[in-house]
Amino acid sequence: MSNPSLQGSIQVPGDKSVSHRSIIFGAIAEGDTHVKNFLRSNDCLATLQAFRQMGVSVDEEKGELIVHGVGLNGLTESSADLDMQNSGTSTRLLAGLLAGQDFTSHMVGDASLSKRPMGRVITPLTEMGAELSATEGHLPMTVKGQPLHGINYRLPVASAQVKSAILLAALTAKGETVIEEPLPSRDHSERMLDLFSPESIERTGDKIHIRPGYPLKGQEVTVPSDISSAAFFLVAGAIVPGSRITIESVGMNPTRTGIIKVLEQMGADLTIDSIETAGEPMANLTIQAGPLKPFTITEKDIPALVDEVPILALLAARADGVSTISGAAELRVKESDRLAAIATEFKKLGIQIEEKPDGLIITGSTKPFQVADKELESYGDHRIAMTLKVASLLADQAVHIQDEDCMAVSYPDFTKDLNQLLRK
Ligand code: S3P
C-alpha cells in the first residue's frame, strides 16, 4: 500500500466543551446570546434539544446560533425524558443546573452513557440539598428540583464536568459556594460565567467562589476550533512521512494545551502563530512530519490532555523509544474504557503496547504497522474511531473500523476532512 502524505490547511469544527456551555449559559441568561462556530455534533445537539424541551427557543441565522435566554428561573419542566444520548458533559452539567429548579427532570442516555459514573455529581449536589435518584449511580436519573444551599467542596478527582455541575447548581443556591480542584481542569465554565455575569464568580489561587443572586446577560460567543479535534491532524501531520499541514484558529486555552507540550517534548516540528482574541485564546498551528523522541506523561499532565490520550498513544507508537502514560485511570470511565480499547486495538495493528491499571507503555517504531487482525473495533467511542482512522494511514494493509459513524459525536465530517488533506 502506498502511503499518501497530508498537505494543506484545515479548520476543524468548533470546540465541544465551549459549544455545550454556550447553550447552557445562553439559556439561563437574560436576552439573546449569539454563538458563532457552534459545533453541530450529536453531543452538542443533545444539549440543544434538552433546552428546547425546557422552553428555550434557539434560532439559526447565517450559520450563527441565537439562544433566546429565559433567565435562571425561566426554564420549564419537559414533558418528555431528556435524552442525553452519548454525552457525559450534557448529563453532568444539566444535573447541576436542574438540581435547583422548581420542577422534576428525567435524564436518559445510550448504552455507553448509562454505564458512566454519576455518583461524582450526585455526592456534591446532594450535599447542596439536591434530590437526585439514579440506579447504582447510573442513568436513568431523576432530578427533583429543590432549594439548594452553598457548600465548600474539594473535588476528589480533577473533572471539569463535576466542577461545572457544582458551579451551575451554585447559581441557584442560597449563599456562596467554594470549589477546589486537586489539579486544574478545563476552565471554560468559569470563563463563560465571568463573561455572562462577572459579579457571580471570583477566582483566588486554586479556589473558585460562586456568588448567586446576580443575573446573567446574553453575550456574543465565538467558539474556537476544538484542540481535541485538531489533535488528530496534529498527530497525523507529525507521523505520516512527508506531511506538512496548518490547522487554523485552534483554541489554545492553557487548560487544554497538554498535547502541544507533549509535541514540544518530543521535538516535533510545530509552529504556533497566535491570534489576538477577546475571549478564548486561539492560534494557527503548522506541523511537519519528522523524527520524534518518546514522551513521559504522568498524573499531573492528564487534565490538560485527558481527551487526547488515545491519539497520543498513536504518536508514541511512532517515536524512537519507549513512552509511558500513567495516572490516567479516568480514561477507564470515558465513552469507553479507553486504556483497554487502545491496548487491544493497537495490538491488532502490531504495535508494541502494554496496558497498566492507570496507563500505557508504548514502544515506538517507524516501520509500517504490521496488521495482525484487520477487523478493528471502535467500541462506539468517537475518539477511538478517529485514532484508528489515523493509524490506518500507516498500516501495511487496509483495515476495517467497526461502527465508524460514532465519530459524529464530536466530528461528523472527520473522514471527509482527512481525505481532503491526503495527497498521493
Ligand atoms: C469535559 C470534561 C472532561 C472531558 C470531556 C469534556 C467538559 O471530562 O473528558 O470530553 O466539557 O467539561 P471530565 O470532567 O470527566 O474529566
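Remember, it's 1-based here, ligands and their atoms both numbered in the order they're listed.
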Problem - Protein heavy atom at shortest distance from atom 14 (O) of ligand 1 - result: S159 OG, 2.7 Å
Fill in the blank from the handout: closest protein heavy atom to atom 10 (O) of ligand 1 is D307 OD2, 2.8 Å
Completion exercise
Counting from 1 in the order shown, the ligand 1 atoms closer than 4.0 Å to a non-hydrogen atom of V306 are 9 (O)
Handout entry: Element-labelled atoms of ligand 1 that are located less than 4.0 Å from some non-hydrogen atom of T89
Key = 1 (C), 6 (C), 7 (C), 11 (O)
Problem - F369 six-ring centre to R318 NZ/CZ under 6.0 Å and within 45° of normal - result: yes
Handout entry: Where H188 and E280 come nearest, the two heavy atoms and their spacing
Key = ND1-OE2, 2.9 Å
Completion exercise
Of K334, K16, H20, R21, the residue with the heavy atom nearest atom 7 (C) of ligand 1 is R21
Handout entry: Selected option - heavy-atom contact closest to atom 11 (O) of ligand 1, from S17, A165, A160, S410
Key = S17
Practice task
Kindly check if the number of other-residue, nucleotide or ligand heavy atoms within 6.0 Å of CZ (R244) is above 12?
Solution key: no
Exercise for the section: Answer yes or no: does atom CD of E64 have more than 12 heavy-atom neighbours from other residues, nucleotides or ligands under 6.0 Å? Expected result: yes
Exercise for the section: Please work out which of the three classes, parallel, tilted or perpendicular, describes the rings of F414 and F232, given edges at 30° and 60°. Expected result: perpendicular
